[in-house]
Undergrad: 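Dropping the structure in here first, questions after.
Chain identifiers are assigned alphabetically (A, B, ...) following the order of the sequence lines, protein sequences preceding nucleic acid strands; residue numbering begins at 1 within each chain.
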There are 2 protein chains.
Amino acid sequence: MERPGTWQAIRAEALRRMRAGDWPPGERIPDEAELAAEFGCARATVNRALRDLAEAGLLERKRKGGTRVPLTPVRKATFEIAIIRRDVEGRGQRHGYRLIEDALRPPPEAVRTALGWEGGAMRHVTALHLADDRPFVLEDRWLNPALVPADRVRFETVSANEWLVRNIPYSSGDIGFLARPADASAARWLGCDAGAALLAIERTTRSEAGPITFVRLSYAPGHRMEAML
Amino acid sequence: MERPGTWQAIRAEALRRMRAGDWPPGERIPDEAELAAEFGCARATVNRALRDLAEAGLLERKRKGGTRVPLTPVRKATFEIAIIRRDVEGRGQRHGYRLIEDALRPPPEAVRTALGWEGGAMRHVTALHLADDRPFVLEDRWLNPALVPADRVRFETVSANEWLVRNIPYSSGDIGFLARPADASAARWLGCDAGAALLAIERTTRSEAGPITFVRLSYAPGHRMEAML
DNA sequence: TAGTGGTCTAGACCACGTA
DNA sequence: ACGTGGTCTAGACCACTAA
């Protein structure tokens, strides 16, 4: 348990009151000044606790409107997006890597629109990641050749996934989860039947210097991504 | 842009320095006192900015060890988990709901272990959610009959998903994403071929009073979940 | 317009973990 | 042992927005 008077203790007590029904859904709770007086702490401490709950979707706060317990809370689930090698090693398995293709190709329309790509050919890199010698995830990536030139950056031993995180970090972009049937290529490399259900992550990455990359990671059948609530 | 001297402005400047290479990966950055002096603000303001970046995985902070730019940052992607009706309505579509089954059954082994269920039969509720009259997601749920008794709580018009959020909120549990092939039942209700790749969310929910529910939401083919980075 | 949360300050003490 | 981040305080002003 947290020592009393800390913001964690106040957060825990607020959660308890919500679960116990003292602060029922839809109701407005006492304002920060009142709670600070009740708990015998500074208002900033109450603020820290309630702000934390609000960020988790468990409270709704508005200036002048006060703080309310939402009728239908929108919880947040967070996934940790690490580089694939660390992900595999974190499972206690040995990471393997195999480059499949690295070539200049005109990107498909979906990639053009996702990245807002105006140019011609992009660098298409395909690679397989293994966990204990078994197929783990297929990396299918389109790179801006101006930012990641093929004559200077090679992906034979270090995956594009890892190179990008190390060299063009802290960029912005979108990320989405979907399920897709394995096509012939995915089935071959992942060692599953064509049409098998694959969990896939699609991610676009941009910087101020323009589009960087679009990648689709297709995981071997049965893969499961755990989130923290 | 943020007004200078705010914690958002300091966070933005820190991000800029990381992207620009002023604070390269692996390096230790100045401590809070130094930055506060540089930016002409209180240390608490710097703390707020750097703590925010650390929570996003963009910095690593340790007492005595200082603050470092991680070599391979572990980014966090967050999904908003709303009730299904709101999810559908948020897409500008009309939500429909159809109860398929509500019966007492012995749960499969996977459900027993996921929930830590020691008893016998559980309440099995299956329902289909629709968006503009088209299948949206199949809800396959196992409920603790002691906490959600069939003679008192009915799911003909209000889904179990919504009832639980409104009546047993703020509980803890796990959540996981996976892809699975549509079985005969899923194919029938979702209107797709058997074996089609479905994105599924599995969620277990517990309270101090014991296991509450295990649910698997299987989305219609093509569904995509967008996350915020 | 007035009430409430959002934020900043200057100072203090504490907890953790490195050296 | 000691340096650094984690947190609390008391007070202040500001920004948003509901009344």
Side-chain angles (χ1 to χ4, degrees), chain A residues 1-15 17-18 22-71 73-74 76, chain B residues 1-15 17-18 22-71 73-74 76:
Chain A
M1 274 304 182
E2 297 87 3
R3 295 200 326 287
T6 66
W7 69 268
Q8 292 97 333
I10 294 172
R11 179 183 59 183
E13 172 60 14
L15 249 184
R17 292 184 183 185
M18 286 191 276
D22 299 338
W23 291 349
E27 286 291 291
R28 179 166 167 178
I29 73 173
D31 65 34
E32 293 184 348
E34 289 181 60
L35 291 172
E38 179 193 340
F39 293 126
C41 67
R43 182 168 78 90
T45 308
V46 175
N47 179 276
R48 176 78 195 273
L50 300 189
R51 179 161 43 81
D52 192 76
L53 289 170
E55 279 169 5
L58 293 171
L59 284 177
E60 285 172 354
R61 319 196 74 200
K62 263 184 289 193
R63 284 162 167 161
K64 167 78 176 180
T67 300
R68 287 177 178 282
V69 182
L71 283 173
V74 178
K76 269 83 174 176
Chain B
M1 275 304 182
E2 298 86 4
R3 293 200 327 286
T6 66
W7 69 269
Q8 291 97 332
I10 293 171
R11 179 184 58 183
E13 172 60 15
L15 251 184
R17 291 185 185 183
M18 285 191 276
D22 299 339
W23 291 349
E27 285 291 292
R28 180 165 166 178
I29 72 173
D31 65 35
E32 293 185 349
E34 288 180 60
L35 290 172
E38 180 194 340
F39 293 125
C41 66
R43 182 167 80 89
T45 307
V46 174
N47 180 276
R48 176 79 196 272
L50 299 189
R51 178 161 43 81
D52 191 78
L53 288 170
E55 280 169 7
L58 293 170
L59 283 177
E60 285 173 352
R61 319 196 75 198
K62 263 185 287 194
R63 283 160 165 160
K64 167 78 176 177
T67 300
R68 287 179 178 282
V69 182
L71 282 173
V74 179
K76 271 84 174 175

Undergrad: Within a strict 4.5 Å, meaning less than it, do heavy atoms of the Cys41(B) and Val46(B) side chains meet?
TA: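 Cys41(B) reaches Val46(B) side chain to side chain.
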Undergrad: If you define the side chain from C-beta out and look only at heavy atoms, does anything of Met18(B) sit under 4.5 Å from Leu59(B)?
TA: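 Touching, per the 4.5 Å side-chain cut-off.
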Undergrad: Can you tell if the side chain of Phe39(A) reaches within under 4.5 Å of the side chain of Glu13(A), non-hydrogen atoms only?
TA: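 Side chain of Phe39(A) against side chain of Glu13(A), heavy atoms only: contact under 4.5 Å found.
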Undergrad: Picking from dT9(C), dA18(D), dG5(C), which would you name as closest to the side chain of Thr45(B)?
TA: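 The closest nucleotide is dT9(C).
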Undergrad: Looking at Thr67(A), I'd like to know whether one of its side-chain N or O atoms comes within less than 4.0 Å of OP1 or OP2 on dT4(C).
TA: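 Thr67(A) to dT4(C) OP1/OP2: no side-chain N or O under 4.0 Å.
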Undergrad: Tell me: CZ of Arg11(B) to P of dG6(C), nearest whole Å?
TA: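 Answer to the nearest Å: 15 Å.
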Undergrad: Just the rounded figure in Å: distance from C1' of dG6(C) to CG of Leu59(A).
TA: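 After rounding, the gap between these two atoms is 16 Å.
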Undergrad: Would you say Leu35(A) and Glu38(A) make side-chain contact, with heavy atoms under 4.5 Å?
TA: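 Side-chain contact under 4.5 Å: yes.
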Undergrad: Can you identify which nucleotide, out of dG5(C), dT7(D), dT4(D), has its nearest atom closest to the Arg43(A) side chain?
TA: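 Closest nucleotide among those given: dG5(C).
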Undergrad: May I ask you to test the Arg61(A)-Glu32(A) pair for a side-chain heavy-atom distance under 4.5 Å?
TA: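 Contact flag for Arg61(A)/Glu32(A) side chains = yes.
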Undergrad: How is Arg68(B) classified with respect to the nucleic acid when contacts are heavy atoms under 4.0 Å: base, sugar-phosphate, or nothing?
TA: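 Since no nucleic acid heavy atom lies under 4.0 Å of Arg68(B), the category is nothing.
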Undergrad: Roughly, in whole Å, what's the span from CG in Leu35(B) to P in dT9(C)?
TA: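 Result: 14 Å.
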Undergrad: In whole Å, what is the span from the CD atom of Glu32(B) to the P atom of dC16(C)?
TA: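 From Glu32(B) CD to dC16(C) P: 17 Å.
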Undergrad: Using heavy-atom distances to pick each residue's nearest nucleotide on DNA chain C, tell me which of Lys64(A) and Asn47(A) is more 5'.
TA: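 Residue closer to the 5' terminus by nearest nucleotide: Lys64(A).
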Undergrad: By the 4.0 Å heavy-atom rule, please label Ala33(B) as base, sugar-phosphate, or nothing.
TA: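 Nothing, no nucleic acid heavy atom in range.
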Undergrad: If we only count heavy atoms from C-beta on, is the Ile29(B) to Val69(B) side-chain gap below 4.5 Å?
TA: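 Ile29(B) vs Val69(B): side chains touch.
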Undergrad: Between dG5(C) atom P and Glu55(A) atom CD, what is the distance in whole Å?
TA: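 These atoms are roughly 16 Å apart.
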Undergrad: Identify, between Lys62(A) and Gly40(A), the residue whose nearest nucleotide on DNA chain D lies closer to the 5' end.
TA: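 Between the two, 5'-proximity favours Gly40(A).
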Undergrad: Under 4.0 Å between a side-chain N or O of Arg48(B) and OP1 or OP2 of dC8(C)?
TA: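 No, no such contact exists.
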Undergrad: Start with the C-alpha gap between Leu58(B) and Lys76(B), add the side-chain angles, then the distance that decides, and say whether side-chain contact (heavy atoms from CB on, under 4.5 Å) holds.
TA: CA-CA 9 Å; Leu58(B) 293 170; Lys76(B) 271 84 174 175; over 6 Å; no
Undergrad: Could you work out which one of dA15(C), dT9(D), dC8(D) sits closest to the side chain of Cys41(A)?
TA: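 Given the options dA15(C), dT9(D), dC8(D), the side chain of Cys41(A) is closest to dT9(D).
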Undergrad: Closer than 3.5 angstrom, by distance alone: can the side chain of Arg68(B) be matched with the main-chain N or O of Gly26(B) as a donor-acceptor pair?
TA: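 Yes, because the side chain of Arg68(B) sits within donor-acceptor range (under 3.5 Å) of the backbone of Gly26(B).
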Undergrad: What's the closest nucleotide to the Trp7(B) side chain, out of dT4(C), dT7(C), dC8(D)?
TA: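 Of dT4(C), dT7(C), dC8(D), dT7(C) is nearest to the side chain of Trp7(B).
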Undergrad: Let me know the distance between CD of Gln8(B) and P of dC8(C), rounded to the nearest Å.
TA: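 Answer to the nearest Å: 6 Å.
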Undergrad: Quantified as the angle between the terminal helix axes (five pairs each), what is the overall bend of the helix from dT1(C)-dA18(D) to dT18(C)-dA1(D) to 10 degrees?
TA: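 The two end axes of the helix from dT1(C)-dA18(D) to dT18(C)-dA1(D) meet at 20°.
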Undergrad: Using atom CG of Asp31(A) as one end and atom C1' of dA2(C) as the other, report the distance to the nearest whole Å.
TA: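 From Asp31(A) CG to dA2(C) C1': 13 Å.
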Undergrad: Please give, in whole Å, the distance from dT7(C) C1' to Asp52(A) CG?
TA: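 Going from CG in Asp52(A) over to C1' in dT7(C) covers 17 Å.
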Undergrad: For a quick test of reading the model: is some side-chain N or O of Arg61(A) closer than 4.0 Å to OP1 or OP2 of dC16(D)?
TA: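 So the side chain of Arg61(A) is outside the cut-off, no N or O lying under 4.0 Å from OP1 or OP2 of dC16(D).
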Undergrad: Does a nitrogen or oxygen in the side chain of Arg63(B) sit under 4.0 Å from OP1 or OP2 of dC2(D)?
TA: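 For Arg63(B), the contact criterion (side-chain N or O under 4.0 Å from OP1 or OP2 of dC2(D)) is not met.
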